[in-house]
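Here is the structure we will look at.
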Amino acid sequence: MKTPLIPAGSITGLESKRIASPKPACERPERQRSAPKAAVCRPALLLLLAAWMTLAHAAAVPKLKTDNTPLPVDARPALSFQPVVKKVSPSVVNIYTTKTVRQNPGFAPFFDDPFFRHFFGVPFESVPRERRENSLGSGVIVTEDGYILTNNHVVEGADEIKVALADDKTVYDAKIIGTDPQTDIAVIKIEGKNLPAITVTDSDNLEVGDIVLAIGNPFNVGQTVTMGIVSAKSRGMGIVDYEDFIQTDASINPGNSGGALVDVAGRLVGINQSIISRTGGNQGIGFAVPINLARFVMERLVTDGKVTRGYLGIFIQPVTPELAKEFNLPDNTGALIGEVTRGTPAADAGLKEGDVIIEFNSKKVTDNRHLRLMAAQTAPGTKVPVKVLRDGKEQTLTVTLGELPPEGLAASGGRSGGLRRGPQADALDGVVVEDLDARMRRQFNIPNQVQGALVVDVDSASPAAAAGLRPGDVILEINRQRVTSADEAIQRSREVEGNRVLLRVWSQGGSRFVVVDASRRR
């Protein structure tokens, strides 16, 4: 049974809309007593006024208290965390949301019959009812003027948001500044001054084994502090689109979502997000969004009203040990390009299928998810050096990033062709291909620009099936040689030497490389 991933909060709405901050009114400049002097100064005054109005309407980046110094060694062990908790707890708030839920009366289908309506006294018109749903989460005050970080799923779909400070007596109305479902981060704001803003640090400095504290309001019992360690970094769990989770065994439960994960110096390192649990409660595996990622999202939402992300225009995949061997790579780090979309920044810069990106913007790329994060957190229009391995040689190209679009392919005559078969076991034994035609394209939703040999059958016991080849995939290349038809695929397969073959296949909207190894027959 698959263990569920559970958001630590309890809101499951649709979408929250950004509420614009009120724009300051502009004062009219006083009229000058001297008419000639006013005539000379008016153009300059108008230019200054226009510049001032432009600045007044642009939101400034929130001013955070930061401390990026590494933890001193003697700060790591501690007999009591009371000073840290006392320092941090005022910055962690409770978030109460209310939303309207519409539901149908839920009558059985036979109640639509007028006879049954009359007999049982059911109203003739079934009017959907509305009810108010209340939910709970946590948040962290990050600026003295009231900006609060929390999870998107805490405030999603909320009609009303209340924020209670740690004393549980001071309550504010809050408004949504912006949300980013792709990272599960939201920014809300309360109107206040000299609020207890938390100190933020560089979450990249966090190490596995560091002690961390999780603070929030689980099950609405009141503010609660739990302790654990950093179990892992850079986790990707498939919960949201952009993930770089900190994993911790500090107890996180429903109601903790949006709360603070802090180090032993009391500095914010993450925003608690979800848990893995078979019971609905904590089982020692919790996840937090690193503050570096949350801060990037917050700054974009506050200044731009949305999160704009850099865009390369490539399909990438992890470098497995088998692929590293086929591409003669020194190790299995980096991101392998399976496809370069035409007319994109990557295509314009000269990136090609089969390139392995090992550095992005002068930083090492560990895997495909790491590259995706780095590109997403780079502003569109930025010129970025990208170092690739191409045919075993390093090459550096310059890519001008675009903006990521919003969330946003049979043997002739209809006969099927079997890839090479014989007494010797070979890598493509058990794979049947056909030419692509209009009917097959419709059936498998294959775009017109995709050209190759369509896989129509794969023996479940074959090496190709073990490698992940499935009916509906399109073979584009065999051992880096282009394939445009089923006959050509069969011919290329006959030229394969040995029991391993490298394929590039199109599947489910993008292409990837696959290594088929006949020595690993089921």
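We use all heavy atoms of the structure for the numbers below, so side chains are in, but hydrogens, waters and symmetry mates are not. Here the structure is a predicted model, which means the values were calculated and not measured.
No side-chain heavy atom of N368 sits less than 4.5 Å from a side-chain heavy atom of I357. Residues V93 and I141 meet the side-chain proximity criterion, which asks for heavy atoms closer than 4.5 Å. Counting only heavy atoms from C-beta outward, the side chains of F513 and V505 never approach each other to under 4.5 Å. Within the 4.5 Å cutoff, the side chain of N292 has heavy atoms near those of the D204 side chain.
Judged by distance alone, the side chains of N217 and S138 never bring a donor and an acceptor atom under 3.5 Å apart. In this model, no donor atom of one side chain and acceptor atom of the other lie less than 3.5 Å apart for Q317 and R512.
A donor-acceptor pair is defined here as one N or O able to donate and one able to accept, closer than 3.5 Å; no such pair exists between the side chain of T179 and the backbone of N152.
Figure legend: R372 and Y242 shown as a cation-pi pair, the cationic atom lying under 6.0 angstrom from the six-membered ring centre and within 45 degrees of its axis.
Taking the charged nitrogens against the carboxylate oxygens, D67 and R267 do have a contact shorter than 4.0 Å, which makes a salt bridge. Between D173 and K162, at least one side-chain N (NZ, or NE/NH1/NH2) sits under 4.0 Å from a carboxylate O, which counts as a salt bridge. In summary, E243 and R369 do not engage in a salt bridge, as defined by a charged side-chain N under 4.0 Å from a carboxylate O. Contact check on E299 versus K63 returns no salt bridge, with no Lys/Arg side-chain nitrogen under 4.0 Å from an Asp/Glu carboxylate oxygen.
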Go through Y311 and T344 one step at a time and tell me if the side chain to side chain contact (heavy atoms under 4.5 Å, CB included) criterion holds.
CA-CA 8 Å; Y311 172 64; T344 61; 3.6 Å; yes

Could you check R309 against D180 for salt bridge (charged side-chain N to carboxylate O under 4.0 Å, His left out), going step by step and ending with a plain yes or no?
CA-CA 12 Å; R309 295 182 165 93; D180 183 43; 2.6 Å; yes

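No more than 12 heavy atoms of other residues, nucleotides or ligands lie within 6.0 Å of CD in Q508, so this atom counts as exposed by the packing criterion.
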